[in-house]
Amino acid sequence: MNASKLFVAGMALSMSATAFAAGAHDGGHGHGATSGEPGKASEASRTITVEMYDNYYEPEEISVKPGETVRFVVENKGNLVHEFSVGTPDMHEAHQEEMMMMVEHGVIQGGKLNHDMMNMDMGNGHSMKHDDPNSVLLEPGQSKEVVWKFSDKGNIEFACNVPGHYQAGMYGEVNFE
Amino acid sequence: MKPRFLTGLLSLLMPAMVLAGEYDLTVDRVKIDTGDFVKEGIGYNGASPGPVMRFKEGETVRINVTNNLDEMTSIHWHGLILPFNQDGVPGISFPGIKPGETFTYEFPIQQAGTYWFHSHSGFQEPDGAYGAIVIEPEGREPFRYDREYVVQLTDKHPHSGDRIMRNLKMMPDYYNREQQTVGEFFSDVSENGLMNTVRDRMAWGDMRMMKADVEDVHGFTGLINGKGPDQNWTGLFEPGERIRLRFINSSAMTYFDIRIPGLDMTVVQADGNNVQPVSVDEFRIGVAETYDVIVRPKDEQAYTIFAESMGRSGYARATLAPEKGMEAAVPQLREPARLTMADMGGMPGMDHGSMAGMDHGGMDMGSSEDMSGMDHSSMEGMDHSNMDSMDHSNMEGMDHGSMTMGKEDKSDPFYAKGSGLMPKAANGGKFLSYADLKAQDPLYEDREPTREIELRLTGNMERYTWSINGVKYEDADPIRLKYGERVRFKFVNETMMTHPMHLHGMWSILDVGAGQWNPIKHTINVNPGTTVYMETEVDEPGQWAFHCHLSYHAAAGMFRKVIVEGGPDSTQAKTDAIAEDGGEV
């Protein structure tokens, strides 16, 4: 019983740590790379629609300018749960461990998200909500927006960190103009 | 819901658009050099293994097979969905191909993925008559890779298949070098006491089997793409590339546990059908199965592909490297597996009274009610490593009521509980289970089966007879199915050996408890002491083979003919005509 409490709390804490790292604060994910910070929709220079299929994106690469704010409209057109997450390969790798736990907890079940489990109060304001500003986690048919302000040039990918999906090639490249 | 129906319709409407590929294969006597020994064998186009046949989904293939042997031959396209008279099983699909004759196969390619082909005549397949099939899909793959390699395994034995079968019939433990010794008896006595040890040995004697019967044919050299461990087949890569490895187990008798130390493998396909990707450290490939994995070596170094036989009596080895000639360390073989009492859980007529501690709880997996081990809410295999240095002070009062925690049991529900065959990853990591296989894009809609057929897998090791429901092939009536029904097969393994059951012509929907996401396969492993369910949509008319794919088990009688009655047209008459034509199986 005790181990379980510790474990879940640990997950909630580590997930907020990722959100922090994903921001502009250079959160210790090595190589000093950051992917940017949450943007304001009013500052977005353009909208890019990204469609998610089983298990790949369309398009599989985009071009942005350093410092550009982009409004992504992300649509899940597949039959499985998918994620759209902006980050460096190291950030994705760290996030994949959390996503694995979400699968093991039954939060992600093939084509469904268990919202009760996601919203469950873990105490102290933590939950397994997937609410980092650099990513969205969508059930089939869902569509959501991510507004992101890219920082300098860097090794940035958008990726699906549902277990196995990134490894199978569900990622897209962000090229800086 | 059935893409292949659509494809068929399109090809009728637009015959001009259909690609037609023409291919030639010769069946030849060849020399096989494993590095350990050189022997005469059988191959295709002058070599064993034969060529990789590359087809494209949607094309119609014509394959001219010329028999240069002085005996009958045949080619079976393992896992391909095709008209039954193109399936290549002598005596069931067609009479076979006579010496000197050319037979032309012609069939539409209605699927994509990794498959293989082999002779279905006598022991030509163990003697070398096999090759790979790679089918490119019409659309894009649901995964990405920069390059690909076929990795085709076999267990090459210095003896011919005929000789092995003769020896097994005469002395079933002829090829078993792992027999328990007198020394082992005394060490067991000191550990377990004399009476327990004697009782254990007597129980095994009653079953006509021994603990060491994990593999009944030892003494082989494991080959990858025709190369022995010292010949070291090597696939090249550039660091950072994603490589698709198409593993095919073309062994006569041997299961392999496969790992690539230093690399995660993401399984994306099983038996030619895409599965939801799952990353593993190691996986077991049954005889006749295929698994496609994606690996991504990031460093400028060599990696060993290491394939240990399930019983640890031999191995195959190959290398992935940035340059020819580079190699990595080759691991040692692990300790041989020993069967346990759990592995004989299915044996009927045994006195279980003296077997305290036997647990049958894990035996009846496969039905959805019993899949407690697969519940996503159970927390097996979790990594607690990132919990260190957390502040635990404010965690009182959290409600975790709905979580089943604390289950450290990593056992695979497709093995008997306590089985000596239970696989474990060499690095302590993730070992693929059937329970991990979920269809990427289910081919069939889930529906209630129309009926259940129980198939007990049976045998007597002392006489080397292998059978289904206690009856061997030559004495058995065919299994009759009706076109359009969905049959649930219940495999009950009453032997101590693992049997890879292969139904020709129609998919085997393996029940992993995932409902509509259950994966479809062509070969289903049934481990000792377990019951496994599969369902089949009976959607191909004609008659088909259904057998254990261990060569010497199939030949000894663990084999059935399946007749599909009815169909979309009058194919039944043709079936009956061919049935009388005879030929060997």
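Lettering follows sequence order; numbering is per chain, from 1.
- What you find for B:Gln276 and A:Gly110 is that their closest heavy atoms are OE1-CA, 4.4 Å.
- What you find for A:Tyr166 and B:Arg296 is that their closest heavy atoms are OH-NH1, 4.0 Å.
- The two residues B:Val268 and A:Ala168 have their closest heavy-atom pair at CG1-CB, 4.0 Å.
- Salt bridge present: A:Glu60 and B:Arg140 bring a charged side-chain N and a carboxylate O closer than 4.0 Å.
- For A:Tyr53, no part sits under 4.5 Å from any heavy atom of chain B, backbone or side chain.
- Shortest non-hydrogen contact noted between A:Gln167 and B:Ile294 is O-CG2, 3.7 Å.
- Closest of all the heavy-atom pairs between B:Trp517 and A:Asn79 is CH2-O, 3.7 Å.
- The closest side-chain donor-acceptor pair between B:Gln440 and A:Asn55 falls under 3.5 angstrom.
- Under a cut-off of 6.0 angstrom, the local environment of CD in B:Glu448 is sparse, with at most 12 non-hydrogen atoms contributed by other residues, nucleotides or ligands.
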